Every structure is written in structure tokens, then in C-alpha cells.
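Take a look at the structure below.
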Number of protein chains: 2
Amino acid sequence: MTARTSTESSRDIPEATVARLPVYLRALTSLAEAGTSTCSSEALAAAAGVNSAKLRKDLSYLGSYGTRGVGYDVDYLRYQIAREIGVTQDWPVVIVGIGNLGHALANYSGFRSRGFRVVALLDADPARHGELVAGIEVRPFDDLERIVREHAVAIGVIATPAGSAQDVADRMVACGVGSILNFAATVLTVPAGVDVRKVDLSIELQILAYHEQRKAQGEPA
Amino acid sequence: MTARTSTESSRDIPEATVARLPVYLRALTSLAEAGTSTCSSEALAAAAGVNSAKLRKDLSYLGSYGTRGVGYDVDYLRYQIAREIGVTQDWPVVIVGIGNLGHALANYSGFRSRGFRVVALLDADPARHGELVAGIEVRPFDDLERIVREHAVAIGVIATPAGSAQDVADRMVACGVGSILNFAATVLTVPAGVDVRKVDLSIELQILAYHEQRKAQGEPA
DNA sequence: ACCGGTTTGTTCTCGCGTTCACAAACTCAT
DNA sequence: ATGAGTTTGTGAACGCGAGAACAAACCGGT
Ligand SMILES: NC(=O)c1ccc[n+]([C@@H]2O[C@H](COP(=O)([O-])OP(=O)(O)OC[C@H]3O[C@@H](n4cnc5c(N)ncnc54)[C@H](O)[C@@H]3O)[C@@H](O)[C@H]2O)c1
Ligand SMILES: NC(=O)c1ccc[n+]([C@@H]2O[C@H](COP(=O)([O-])OP(=O)(O)OC[C@H]3O[C@@H](n4cnc5c(N)ncnc54)[C@H](O)[C@@H]3O)[C@@H](O)[C@H]2O)c1
């Protein structure tokens, strides 16, 4: 989207590969916890649920971190992937909309362990202000600008109803948030240069429903 | 994956298109609620956040439901897409793991309105049994087989910790569940013919982090 | 009936992603 | 040192999806 002036070390990694790197990272963490210090592309691919050729090609975009005839050093590769993704330090994150879903997200421990730190929980409903969720106080939505500035927040999570999501996104973008994870069931419009990813439960279920329907209509003999 | 004996009317729709149909469905519902009875591919594409050529191509896989020079009848097209996806009737769904996330999912109203009906909430922890969540009683995980049989459940949702997810999936598959939506941060292994989709918050955030890092390292002049 | 304006459905081209297949490179035993 | 066995990294072929472009089809007015 944005014209990136390739300063130097900006090999660009295919988007499909970027989406798989976190999966590899998780698989490596899992292997490390199991005490494995070295693994082959075959073994790692199995743990990540992908084809080994694809895994090797993906890793080749980062550099040559393996040893032929041996495999990959688990800890070393893990660090390299974490560095490439950018999760060697924690990213500050704000969550907006502390309802059913927002509570679950705030309580999600995997957040912290995977490179993210919730710095604020915001909600428009005064009745929710002051409530402690996972040790963090729910604050007014209008605190957004101040918090984003103070903590240099680059990533925002939207868990409000669909009707408010665009407004929340606009406010986030206006004060410098560059990436948004949207749980609301609506299409967000943002300026070029801002990244949006969506998580939509209904869509996932409907995709499954489509395939189930196909299976069912083939069966009746 | 599975060899489908194409009986007759099985035009197969590209997977990328299948993933967008729910988005179109949502956009159409939105237009219908706003009182719009007819719309052009341009207008619908804008509402769905995609290219109009792509939208037309997607719809062409379903049939010719538009009128040249006019556009699409909103209600008619909506029904056709719903039928194609298979959400003209409700699909029964079980949710396993009623912790933070499971509670939010159970309380999610969009479930019902989009073609799904939660028929049971299951948890392995006896302390949770009997609790009412969104009017549904939490029951022992061992009731799975009986419930799946009684309600002809084809779709299961896993919201347990990662360590239990594979076991839960195995049990689901064993009693006939053909599609699984997995929220646990782990790769599930299932037999051919069973569909699995995953929703992973950490992966989404890490993808955003990667792009943020790229933006940041280009800026410092 | 005809014509200008509009919008769909489809063809064509291009680029990206997946997968195969294999040479290069490493280890270990002899 | 050499060779057998193993595993990585990558070149090349292939298939799918995105988007541009256009002909076919429809509407409304004259
Ligand atoms: N609950 C789920 O499992 C689930 C699943 C998928 C998608 N979603 C989507 O996630 C969103 C949240 O779902 P939920 O169940 O938590 O809803 P909810 O109604 O429980 O919570 C929404 C919260 O957002 C707050 N809010 C409303 N407008 C706001 C604004 N302008 N600024 C800040 N805060 C605002 C409300 O006060 C409320 O606390 C919805 O869009 C829903 O469709 C939820
Ligand atoms: N909370 C979130 O926002 C969030 C976000 C992303 C992913 N996740 C993932 O979703 C899963 C659930 O998260 P959570 O925060 O709700 O965890 P949680 O610990 O609050 O809930 C897990 C529930 O699963 C139940 N359970 C455990 N083993 C079971 C088994 N074998 N059969 C049936 N039930 C069992 C537990 O009793 C508990 O009630 C985790 O894997 C987590 O990584 C959660």
C-alpha cells in the first residue's frame, strides 16, 4: 500500500509467509518447553501443521538459519522469528469496549506471553468505569488520546458493538494508532497506511456450515 | 481433500469466494435494514469492502441473480447466498470450555441471528456444572456424545486451554462432529473429511506487530 | 422500433503462493 | 580422506485468485 523507501535490510516477506511465522513461533516454543534443542524442517512442519517444503521456503525469506544435514537450533530460530515479527519487546495495546468479549480478552493470559501488554481498558459506558478487570481499571473512552500518547500505543483492539466500531476506529487513527484488530461485525474504513485485521466468529461458522452442507448433500445414498 | 462424487448440482465454489460470501450476506442484511431494495455491484462491493469486479465474479459462481442495467434485488440475493452457505435453517452448535472466552461466546447474540443455535455448553470442571450462562445450563463434558446424537450436532466450538483441545477434538470427531472452530492456541490433528478453522488472537496481533515494526523502521529520517 | 445510458457476467492476463525435485552442504563412521 | 546418509535452501513448474476490460443484456424515453 504505502511506498516504502527500502533503506537497506528490507527484504520483503510475502504476506502468506508473515501469517505463518507466528504459528512457527508457537510450535518452536512448544518444542523448547518439551526440551528439544534441535529439530528438522520435517518435525517443525508437523508441529505447525504445514508442508515441510513450505516451511523451508518461508524460513528462507528470513535468512539461512539452519544447518544442512542437521536441522534448526530451536532457541536460535525462535529468536530470529521473534525478531523478524517484532515481538522481542512488548507492544502496548489498548482494548476498547469492555463487554462480554472485552472482559475475556482482558483476562487472556496468552496476551502477555506472546509479546503484548494491555495498557488500558476503555469503555463509553460510565457504569463500567472504575471496574477492575484483570487488575486493570476500566476508564472512559475519552482518555484514549492521552493514553495512546503516553504509552506510544500503536495497536488497538475494538470489541464494541458494530454500530460504534467505525467511530472508535476513526478516533484511534486520528491519534496515531497504526494497526487495529477488529472484533465487531462490520467493515472498517481507514486511511492508507493503517492496517486492519478482523476476527469474525460468524463468518468462520458460516464457512464451516457451507462445507457441512456439501458433505451432507453428498451422503444420502 | 475428500473425493466428492459430484452427483449433479455440485458446482464447486472457490474457497476464497466461500470465505467472502458471509461478508456479502452481512452487507446485504445491512442494506435491507436500511430500506434498500435494489443495489448495484458497485454499491454492494463498497459495503463489503471489496473490489466490484471481484464481487461480480464471486456471485457468478452461484448463478445469474442480477439484472444488467439494474443491479441486484437485495432480498432475493440475500436468500440465494444464505441458501448457498446453508444458513436458511439454524445449525445446532456445542461449545466446550466455558471459561472466560466460553462465557463471551455463549452470550454472543449474533450467533442466533446468523444461522446458529447453541444447544449445549460443556465443561470438564464440576464446579461450573449447573451454572446458567445466557439461559443455558453448563453440563459435564461427558454429556457430549448424548447431546451430539440427540441434536444432530455437526459443528463444535473449542474454547478450552490448549492442552485439552486435541482431546476434546478427538471426542467430537469420534461422535460425528464434522466441523470444528478452534479458539485454543494449538494445531489440531483430525481425520480427512473433518474441517477445522482456527481463531487465534495472538497470531492476528503478531501479524499487525510485524507491519508496525516495518512502518516504524522506515520513518526515522 | 430504436438509441443512449447503465450494469452485469465473463474472458483474459498477470502475479502470487504452493509444491516438487534436486544440488549443495553438513555429519559421522571407517 | 573418503563415502554414505541426511537435511537444507532454492530453482522451476503449476494452479489459483485478483483485477482490468469488454461484450451482452436490460431500462426508459422518444
Ligand atoms: N461476545 C462474543 O463472543 C463475540 C463474538 C464475536 C464477535 N463479537 C462482537 O464483538 C463486539 C462486542 O461483543 P460483546 O458481546 O462484548 O458486546 P457487549 O455489548 O457485551 O459489549 C460492548 C461494550 O462496548 C461498549 N461500547 C459501546 N459503544 C462504545 C463506544 N463508542 N466506545 C467505547 N465503548 C463502547 C459498551 O459499553 C459495552 O461495554 C460486538 O461487535 C460483537 O458483535 C462478540
Ligand atoms: N480469553 C480470550 O480472550 C482468549 C483469546 C484468544 C484465545 N483464547 C484461548 O481460548 C481458550 C480458552 O480461554 P479462556 O480464557 O476462556 O480460558 P479459561 O481457563 O478461562 O477457560 C477454559 C475452560 O475450559 C475448561 N476445560 C478445561 N479442560 C477441559 C476439557 N478437557 N473439557 C472440557 N472443558 C475443559 C475449564 O474448566 C475452563 O472452564 C484458551 O486456549 C485460550 O488460549 C482465549
Side-chain angles (χ1 to χ4, degrees), chain A residues 1 4 11-24 27-28 31 36-78 80-81 84 187 192 203 207 210-211, chain B residues 1 4 11-24 27-28 31 36-78 80-81 84 203 207 210-211:
Chain A
M1 288 294 167
R4 192 93 57 232
R11 319 149 274 206
D12 54 50
I13 296 177
E15 196 54 35
T17 297
V18 171
R20 282 188 295 266
L21 290 179
V23 181
Y24 303 151
L28 285 167
L31 287 174
T36 311
S37 63
T38 292
C39 73
S40 68
S41 66
E42 203 72 43
L44 181 54
V50 302
N51 184 295
S52 70
K54 181 151 57 176
L55 168 71
R56 287 199 299 278
K57 174 147 275 194
D58 283 342
L59 295 184
S60 76
Y61 290 113
L62 314 190
S64 284
Y65 297 132
T67 310
R68 297 176 192 222
V70 178
Y72 301 92
D73 181 281
V74 172
D75 285 331
Y76 181 59
L77 182 58
R78 187 154 66 116
Q80 293 299 338
I81 294 180
E84 192 68 42
V187 175
I203 288 180
I207 294 171
Y210 170 80
H211 291 297
Chain B
M1 288 294 171
R4 192 93 56 232
R11 319 150 274 205
D12 53 51
I13 297 177
E15 196 54 36
T17 296
V18 171
R20 280 187 295 266
L21 290 180
V23 181
Y24 302 152
L28 284 167
L31 287 174
T36 313
S37 62
T38 291
C39 73
S40 67
S41 65
E42 202 73 44
L44 182 54
V50 301
N51 184 294
S52 71
K54 182 152 57 178
L55 168 71
R56 287 198 300 276
K57 176 168 263 195
D58 283 342
L59 294 184
S60 76
Y61 291 113
L62 315 190
S64 284
Y65 296 132
T67 308
R68 300 176 190 221
V70 179
Y72 301 92
D73 181 280
V74 171
D75 285 330
Y76 182 58
L77 182 58
R78 187 154 65 118
Q80 293 299 338
I81 294 180
E84 192 69 42
I203 289 180
I207 294 171
Y210 170 80
H211 292 296

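Order of the sequence lines fixes the chain letters, A, B, ..., with proteins taken first and strands second; residue numbering starts at 1 for each chain. None of the values given here were measured: they were computed from a predicted structure.
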**Complete:** From CG of A:Leu77 across to C1' of D:dT7 the rounded distance in Å is 15 Å
**B:Glu15: partners by side chain to side chain contact (heavy atoms under 4.5 Å, CB included), with sequence neighbours left out** = A:Ile207, A:His211, B:Val18, B:Arg197
**Request:** Search all heavy atoms of B:Cys39 against all heavy atoms of B:Leu44 and return the closest pair with its distance.
**Result:** SG-CB, 4.0 Å
**Message:** Going by the rule salt bridge (charged side-chain N to carboxylate O under 4.0 Å, His left out), which residues pair with A:Asp73 if we only count those two or more places apart in sequence or in a different chain?
**Reply:** none
**Item:** Nucleic acid contacts - residues 39-46 of chain B versus DNA chain C, non-hydrogen atoms under 4.0 Å
**Value:** B:Ser40, B:Ser41
**Message:** Please report the distance, rounded to the nearest Å, between CG in B:Leu55 and C1' in C:dT10.
**Reply:** 14 Å
**Request:** Among residues two or more places apart or on two chains, list those pairs meeting ring-ring contact (aromatic ring centres under 6.0 Å, His included) that have a residue in residues 37-73 of chain B.
**Result:** B:Tyr65-B:Tyr76
**Prompt:** How large an angle, rounded to 10°, do the end axes of the helix from C:dA1-D:dT30 to C:dT30-D:dA1 enclose when each is built from five base pairs?
**Reply:** 10°
**Request:** For B:Ile203 and A:Ala19, work out which heavy atoms get closest and say how close.
**Result:** CG2-O, 4.0 Å
**Asked** D:dT7 phosphate, OP1 or OP2: any side-chain N/O from A:Tyr65 under 4.0 angstrom?
**Response** no
**Message:** Could you tell me how far apart A:Asp73 (CG) and C:dC26 (P) are, to the nearest whole angstrom?
**Reply:** 16 Å
**Request:** Could you pull out all residues at least two apart from A:Val187 that satisfy side chain to side chain contact (heavy atoms under 4.5 Å, CB included)?
**Result:** B:Arg26
**Message:** When you measure from the side-chain N and O atoms of B:Asn51 to the phosphate of D:dA20, is any distance below 4.0 Å, counting only OP1 and OP2?
**Reply:** yes
**Request:** State, to 0.1 Å, how close A:Glu84 and A:Ile13 come at their nearest heavy-atom pair, and which atoms those are.
**Result:** OE2-CD1, 3.5 Å
**Request:** Tell me, please, which residues at least two apart from A:Ala47 pass side chain to side chain contact (heavy atoms under 4.5 Å, CB included).
**Result:** A:Ala27
**Asked** B:Ser41: what forms a side-chain hydrogen bond (donor to acceptor under 3.5 Å, both in side chains) with it, not counting sequence neighbours?
**Response** B:Arg56
Please write out each protein N/O paired with an N/O of nucleotides 13-18 of chain D under 3.5 Å, distance rounded to 0.1 Å.
unit_1: D:dA18; atom_1: OP1; unit_2: B:Arg20; atom_2: NH1; d: 2.9
unit_1: D:dA18; atom_1: OP2; unit_2: B:Arg20; atom_2: NH2; d: 2.9

**Prompt:** B:Thr17: what forms a side-chain hydrogen bond (donor to acceptor under 3.5 Å, both in side chains) with it, not counting sequence neighbours?
**Reply:** B:Asp58
**Per-nucleotide protein contact string for nucleotides 22-30 of chain D, where B marks a base within reach and S marks sugar-phosphate only (heavy atoms under 4.0 Å, - for neither)** = --BBBS---
Kindly give the atom pairs (protein nitrogen or oxygen, nucleotide nitrogen or oxygen) under 3.5 Å for nucleotides 28-30 of chain C.
none

**Message:** For B:Leu28 versus B:Val74, what's the shortest heavy-atom pair and its separation?
**Reply:** O-CG1, 3.6 Å
